[in-house]
Amino acid sequence: VSRTDAVTRILFEAFSATEVRLFYLLGYAAIAVFCYGVYVQIRKYRRGAQLRLEDGLGRRLGAMVSSVLSHRTIDRRDRAAGGAHRLIFYGFMLLFAGTATITLEYDILEPLFGIRFWHGEFYLVFSLILDIAGVALIAGLVFMMYRRGWMHLPKLDYARPDRVPGDPDFNRPQYRREDWAFLWLLLIIACTGYVLEAARLVWLQERADVWDTRWWSPVGALLAEGMRAGGLGEQGGGLLRHGLWWFHGLIALLLIALIPFTKVKHIFTAAASLMVRDPLAAQRLPRVPDSQEQVGAAKITDFNWKQLLNLDACTKCGRCHEACPARAVGAPLSPRDVILSLREFARSTLESGVVPDAAELDIHGKKPGQVAMETLWSCRTCMACVEICPVAVEHVPIIVQMRRKLVEDGAMDPLLTKTLQTIHKTGNSFGESKRKRGVWSKTLPFPVKDARKEPVDVLWFVGDYASFDPRNQKVSQIFASLLHEAGVDFGILYDGESNAGNDVRRVGEEGLYEVLAAANVSALKSASFKSVVTTDPHSFNTIRNEYPDFGGRFEIEHYTTLAKRLFAEGRLQVTRPLKYRVTFHDPCHLGRFNKGYDAPRELLALLGCELVEMGRCKSNSFCCGAGGGRIWVPDPVGAEKPAQNRMKEAAAIPGLEVYVVSCPKDLTMFEDALKTTGNEGKFVVKELIELIREAVPARRTEEVTA
Amino acid sequence: MKILVAVKQVAALDEDFEIRDDGRDVDPDFFIRDLNEWDDFSLEEAVRIKEAAAEPVEVAVVSVGTDEVDESLRKCLAKGADRAIRIWDAAIEGSDSIAIARVLAAAAKREAPDMLFAGVQSSDQSFASTGIAAAALLGWPHAAVVSNLTYTPGAKSAVFRRELEGGLLQEVEIQCPAVLTIQLGINTPRYASLRSIKQAASKPIEVLSLADVALSEADVGETGSSSRVRRMYVPDKGRAQLIEGDAAQQAARLAEIIREFKGARA
């Protein structure tokens with residue numbers, strides 16, 4: 001046995017047998033409490049509705065591990081917090097792995113098989129790594145303390161926009177206390193670990209195998225040198241080590257026991273939530289089975305186990321709070337608080353031995369834990385919250401399922417009621433006659449094919465706004481001309497088309513959505529075409545992601561990708577490059593929902609425009625406020641509208657000439673906001689289609705047909 | 001305890017429409033059919049009374065029409081009516097509002113409700129007479145244009161308010177059973193979700209013939225009516241025109257028009 005081989009971790013040395021037994025007893029007790037807590041949590045989730053996940057465990061596991069290890073989702077929009085969390089995570093994981101391997105050897109491998117590996121060089125290298133891990137952990141924790149205590153980040157302010165000061169759950173100081181307790185607990189565990197290490201070195205300074213290898217634990221060794229210089233002797237070191245050993249061990253066991261009952265559980269719930277993540281959570285809302293009598297979420301148990309798990313995964317990081325357009329304009333909604341409210345509700349009702357009566361499970365209302373209808377109706381289903389959540393909480397389906405219940409009860413704005421009735425009656429939100437859907441095409445110098453009567457290559461699903469809104473009709477006419485000039489064989493469904501239903505579904509009127517989807521799927525199926533194009537991102541989303549659930553699988557693209565291809569093929573040519581300084585607004589349903597970030601930007605470059613991005617762009621694009629059916633409900637008078645908030649952001653771009661949109665609803669919302677924010681005359685709002693027309697001057701019809 | 005609500009499926013006109021070949025109505029192809037707006041309010045009032053009552057109350061809706069009306073009746077069932085009755089016979093075709101009232105009154109006799117509600121008027125024909133005529137035929141007290149109602153099912157009387165000209169309100173006590181025609185705005189009608197309409201498909205719609213309500217063909221249709229529609233038409237547009245150009249041109253055109261008119265008279 002060489003000298004270094006004798007080197008090993010000093011464990012229970014100088015402990016009496018009683019002490020060792022006591023420690024094991026406490027250890028088992030902590031594990032028992034932990035297991036009981038896990039049982040209570042799992043029982044809580046199982047009290048939710050059933051859900052069968054679609055695909056492979058392996059793929060889900062891989063995606064989760066990659067997200068967790070890379071910290072990709074935690075880094076987003078907050079690199080500093082991501083970095084600090086990474087230090088804590090890896091520091092903690094290594095230290096945990098160190099402790100776990102000691103247990104593995106001491107309690108399992110050695111007594112059962114006589115295998116020992118925790119000595120010699122392996123031990124020394126590990127010891128060095130753990131010392132570094134401890135530094136990382138402490139550095140991360142100290143930064144997080146600085147961040148919570150001194151950075152005053154609005155997203156860490158727990159005051160709720162849907163409550164007023166004085167309400168019992170207004171700013172929830174218990175959350176702050178828990179945050180700090182968690183940070184301090186970890187910090188104390190880490191620091192006492194070092195002092196314990198140093199005390200052990202001082203105590204055993206006469207033993208060569210310990211003392212000569214001390215610099216493999218550099219932090220401990222430095223501290224030990226300090227202690228010696230301060231006059232601590234072997235005996236004092238021994239006493240300190242003995243006392244600290246117990247202190248360190250007990251709070252570590254306390255932490256383990258507390259995991260399932262405190263925010264510490266996010267280490268499991270967040271990972272599990274990432275594993276059950278639905279990449280189309282907001283894009284494709286859940287169907288209601290025909291056999292199910294109740295349509296929406298009325299009780300906490302109407303949420304499925306995955307949603308209840310989502311509630312527990314939330315780490316209150318506030319990224320959704322920050323991203324929410326409703327919250328940004330002072331509406332009584334924060335996606336974070338919807339989740340936290342429901343979490344408190346689930347905790348108080350579903351963690352006890354017996355589930356309370358149905359009456360006590362009602363999640364709608366104004367009591368603590370309940371969600372008010374004003375809150376639910378403030379949501380624009382823009383997906384900003386779902387998209388940024390680092391732990392895959394899916395807020396939008398939760399909110400829409402709660403809205404379904406409100407719709408059943410008729411608890412909504414009378415104007416919204418009117419609109420839904422109108423859509424039911426006429427098939428469009430404008431209350432226009434079905435026959436007028438294709439009227440915008442009548443003034444074109446060429447006929448637009450009726451895709452119900454003759455086959456076409458490209459079927460253009462026009463959508464309500466592009467069909468009926470006078471301003472958007474002009475854009476539709478331009479797009480039709482562009483397609484015609486590019487020689488695209490296209491047609492529309494005329495009065496065979498109905499409102500696509502995207503927003504009706506997001507309002508929560510699932511029954512009406514089913515009717516609309518069925519009507520459109522059948523109209524599309526009876527037409528003959530190769531692919532579908534639309535200028536409306538809302539229609540695009542529901543046809544692409546939701547119609548397959550209703551038997552309609554169609555190849556569909558947004559016009560921006562089709563236009564890009566027409567340029568690439570030379571069927572459209574820029575003959576008058578535009579020199580505008582522009583900014584581009586990503587429509588929620590094109591960008592965040594369907595990742596169509598690039599095509600519009602490439603088109604702008606092709607047209608010769610100078611693109612200046614707004615701070616909030618691409619995945620962080622700021623909703624115009626029209627989504628989720630909110631275009632049918634006027635915003636409160638006096639309060640800022642999301643579109644106005646956005647206009648101010650655009651107006652800050654020096655020399656901006658054109659605010660480019662590629663969505664009919666955006667055109668309506670932003671042209672209005674341009675006026676109401678006093679920016680009229682400074683820059684203009686234009687559809688990308690209109691810019692294409694400017695850069696590609698119209699050819700006469702004879703030239704086209706020739 | 002029972003409240004009977006008389007409802008009508010009305011026809012709204014599509015943007016462009018054509019008159020039927022006989023010239024007495026619009027071609028039904030151009031109709032968009034829906035429940036009469038007033039009836040939405042009277043049904044809601046009945047359902048609210050039912051929901052507030054301590055005793056069980058039945059709300060039944062009754063309508064006169066072909067099976068096309070079932071769609072509207074299902075909407076009523078979705079909104080909280082317990083039962084729907086539809087009365088039809090080919091002989092009813094061509095009935096005026098009084099003949100329809102006769103059918104409704106016969107249904108009310110059969111149902112014997114504590115109260116009969118109707119809308120003030122229908123949005124397509126606007127006679128505002130059906131409900132009141134039914135009251136006359138039943139010999140029940142009645143009131144029109146009720147804008148606020150306090151009524152407990154089973155009570156001997158009900159108290160309601162009516163809005164009069166000049167901002168006046170009239171508070172009236174009426175003996176029950178009575179016929180009340182309900183004004184818009186008395187409440188906020190609830191929304192019938194498509195799901196609830198679908199689910200209401202399982203609630204029964206009772207289809208009755210004339211014989212079921214003890215009427216004969218002579219009581220309805222043109223023979224049972226005291227008025228008939230002679231013609232329905234779109235009046236000629238007004239003939240105002242804007243004269244453009246400078247003063248001299250305008251004067252010249254004006255003179256020309258006057259000469260044309262004089263010529264026409266001559």
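Chain identifiers are assigned alphabetically (A, B, ...) following the order of the sequence lines, protein sequences preceding nucleic acid strands; residue numbering begins at 1 within each chain.
- No more than 12 heavy atoms of other residues, nucleotides or ligands shown are found within 6.0 angstrom of CD on E93(B).
- Here the CZ atom belonging to F30(B) is positioned 5.0 Å from the CZ atom belonging to R435(A), to the nearest 0.5 angstrom.
- Only the side chain of E432(A) comes within contact range of chain B, with heavy atoms under 4.5 Å apart.
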Enumerate donor-acceptor pairs with a distance under 3.5 Å from any side-chain N or O in residues 413-420 of chain A to protein atoms, sequence neighbours excluded.
| unit_1 | atom_1 | unit_2 | atom_2 | d |
| --- | --- | --- | --- | --- |
| D413(A) | OD1 | L415(A) | N | 2.8 |
| T417(A) | OG1 | D413(A) | O | 3.2 |
| T419(A) | OG1 | L415(A) | O | 2.8 |

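- Counted within 6.0 Å of CG on D22(B), heavy atoms from surrounding residues, nucleotides or ligands total more than 12; the atom is thus considered enclosed.
- Within 6.0 Å of CD on Q170(B) lie more than 12 heavy atoms contributed by other residues, nucleotides or ligands.
- Atom CG of L516(A) and atom CG of L194(B) lie 8.0 Å apart (nearest 0.5 Å).
- Of all non-hydrogen atoms in Q199(B) and Q292(A), the two that sit nearest each other are NE2-O, 4.3 Å.
- Considering only heavy-atom pairs separated by less than 4.5 Å from chain A, the leading option among P189(B), A12(B), S193(B), S196(B) is S193(B).
- Only the side chain of V295(A) comes within less than 4.5 Å of a heavy atom of chain B; its backbone N, CA, C and O stay farther away.
- When the shell of 6.0 Å around CD of E163(B) is examined, it contains 12 or fewer heavy atoms from other residues, nucleotides or ligands.
- The 12-atom threshold is not exceeded at CD of E55(B), counting heavy atoms of other residues, nucleotides or ligands nearer than 6.0 Å.
- Judged as a ring pair (Phe, Tyr, Trp, His ring centres under 6.0 Å), not a single pair has a partner in residues 394-426 of chain A (not counting sequence neighbours).
- D290(A) and R195(B) make their closest contact through OD1-NH2, 3.9 Å (heavy atoms, listed as atom of the first residue, atom of the second, distance).
- Rounding to the nearest 0.5 Å gives a distance of 6.5 Å between CD of Q421(A) and CG of D40(B).
- For CZ of R48(B), the number of neighbouring non-hydrogen atoms (other residues, nucleotides, ligands) closer than 6.0 Å is greater than 12.
- Contact annotation for residues 374-381 of chain A against chain B (heavy-atom separation below 4.5 Å): no residues qualify.
- The interface of residues 498-512 of chain A with chain B, defined by heavy-atom distances below 4.5 Å, comprises E509(A), G511(A), L512(A).
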